[in-house]
Amino acid sequence: MAESTELTELTALQLVDGYRKGEFSPVEATRAALERAERIQPQVNAFVRLLGDEALDQARASAERWRRGEPAGLVDGVPVTVKDILLLRGAPTLKGSRAVSEQGRWDEDAPSVARLREHGAVFLGKTTTPEFGWKGVTDSPLSGVTRNPHDPTRTAGGSSGGAAAAVALGAGPLALGTDGGGSVRIPAAFCGIFALKPTYGRVPLYPASAFGTLAHVGPMTRDAADAALLLDVIGTPDSRDWSALGPVTGAFSAGLSQGVRGLKVAYSPSLGGQVAVQPAVAAAVRRAVERLAELGAYVTEADPDFTDPVEAFHTLWFSGAARVTQAFGPHQRKLLDPGLREICDRGARYSALDYLAAVDVRMELGRRMGRFHDSYDLLVTPTLPITAFEAGMEVPKGSGHRRWTGWTPFTYPFNMTQQPAASVPVGTDDDGLPVGLQLVAARHRDDLVLRAAHALEGTGVRRSGG
């Protein structure tokens, strides 16, 4: 029997291989993950709720299927966490808000959760989120502050901060997050894990997000191979999402080993000088880009042709937030995060013409990136210009930023364009805080993002210092 500490260090693929060979069981892996989750909770506050008894029941059922040689699917018996934005049957989905009542039937799974359940996954619990996922750090009136696994005085990022911290500390190798402006990539970069925001519609979403077609569901894992496995499970159509894409041909996992040789890569260190990047972040990303060149990619330093679309993003984002809370009465509004209440008030003042003008900016941005990818297979940038800052703050002290978008200029543009984008850990700064590199491809080319990330991971780039 494997030691618990060893089991929490295994990837989903390694767990499935171990189950197949009879080296350990889903019950052992689930117990280990639950023990780890309980141990880390006081330190990082990654979970809204743990589902210990239910998870162990699911693990026992999985163990019996493996005993019979009849696993239910690709991730049978693998522990997974679900961000508390997504519906999970049998558990309240409160979305980080005291204004949402726990009363309800809670008898439906979100599409991604439903696919995981069909494949035999074990659900450990619901992970923390800022209220309705509204900002790039994870703290809320409901569950408090989620902290960084590398330094608990720092933020885990957000809005999928609990998911990132859980994966980083071994409380389940697979996590479901959501990303409307960077919300899987930001915490992945701060916590030192891998995360993919797939092409919009690749992973169906239900109920529909008030943030509209900015909102994606994405895998959060230790590496690209596990993310590809998870995407193979959740990236299938669901009739409840009218905007979901059709089935893919083949598996994302199958193309991982094709590498980057011959791919045309554009490296943009600062989006044409628009972003001030911390030196340690810039250095770690540049070293990783050099590794891509060593692996056979044709790397050119080139910037995409756009200026910061933050005002248009704010119009779309703040309008969505206002829609989320539109039906709330005065008592519910008093319970909201003050920052969320502020952007809701602003969003409610936009007109339909303001919104459509922001859509025009978005469409033009999409056109420009489409043309850019006529010349380049991949765009590489830092995921973030900084490493993790003080926990409990929306923006770093002294930064001069008003909102979280001030320090996330590399992430939200690619929600507006619906492109696949991933954060890959590529080292640390002098304080031991992780640095992330962002890989972006044209819409529907999630395979290229995963291939490049997998190739980078094979060079040991995660271990490089800052």
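Below, all heavy atoms of this structure are taken into account, side chains as well, without hydrogens, waters or symmetry copies.
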> Rounded to the nearest 0.5 Å, how far apart are CZ of Phe132 and OG1 of Thr178?
Replying inline: 12.5 Å
>> Check this for me, if you would: do Arg60 and Glu64 make a salt bridge, where the nitrogen-to-carboxylate-oxygen distance has to be below 4.0 angstrom?
In response: no
> Do the rings of Phe190 and Trp407 sit parallel, tilted or perpendicular, given the 30° and 60° boundaries?
Replying inline: parallel
> Salt bridge check: are Arg117 and Asp109 linked by an N-O gap of less than 4.0 Å?
Replying inline: yes
> Does the pair Arg291/Glu294 count as a salt bridge with the N-to-O cut at 4.0 Å?
Replying inline: no
>> For Pro130, is there any backbone N or O sitting under 3.5 Å from a side-chain donor or acceptor partner on Thr138?
In response: no
>> To the closest 0.5 Å, what do you measure between OG1 (Thr408) and NZ (Lys135)?
In response: 13.5 Å
> Can you tell which of Asp337, Leu335, Asp139 makes a side chain to side chain contact (heavy atoms under 4.5 Å, CB included) with Glu131?
Replying inline: Asp337
> Do Thr81 and Thr127 have side-chain atoms, one donor and one acceptor, less than 3.5 Å apart?
Replying inline: no
> So does Asp53 have more than 12 non-hydrogen atoms from other groups sitting under 6.0 Å from CG?
Replying inline: no
>> Could you go through Trp317 and Tyr412, starting from their C-alpha distance and side-chain angles, then the distance that decides it, and tell me whether this counts as ring-ring contact (aromatic ring centres under 6.0 Å, His included)?
In response: CA-CA 10 Å; Trp317 192 252; Tyr412 57 77; 9.7 Å; no
>> I need the minimum non-hydrogen distance between Pro219 and Ala227, along with the two atoms involved.
In response: CG-O, 3.8 Å
> Should the pair Glu54-Arg49 be classified as a salt bridge under the 4.0 Å nitrogen-to-oxygen rule?
Replying inline: no
> Do side-chain atoms of Glu390 reach the backbone of Thr155 as a donor and acceptor pair under 3.5 angstrom?
Replying inline: no
>> Under 3.5 Å, is there a donor on one side chain and an acceptor on the other for Thr8 and Arg36?
In response: yes
>> Would you say that more than 12 heavy atoms from the other residues, nucleotides or ligands in this model lie under 6.0 Å from the CZ of Arg261, or not?
In response: no
> Would you call Arg115 and Glu118 a salt bridge, taking side-chain N to carboxylate O under 4.0 Å as the test?
Replying inline: yes
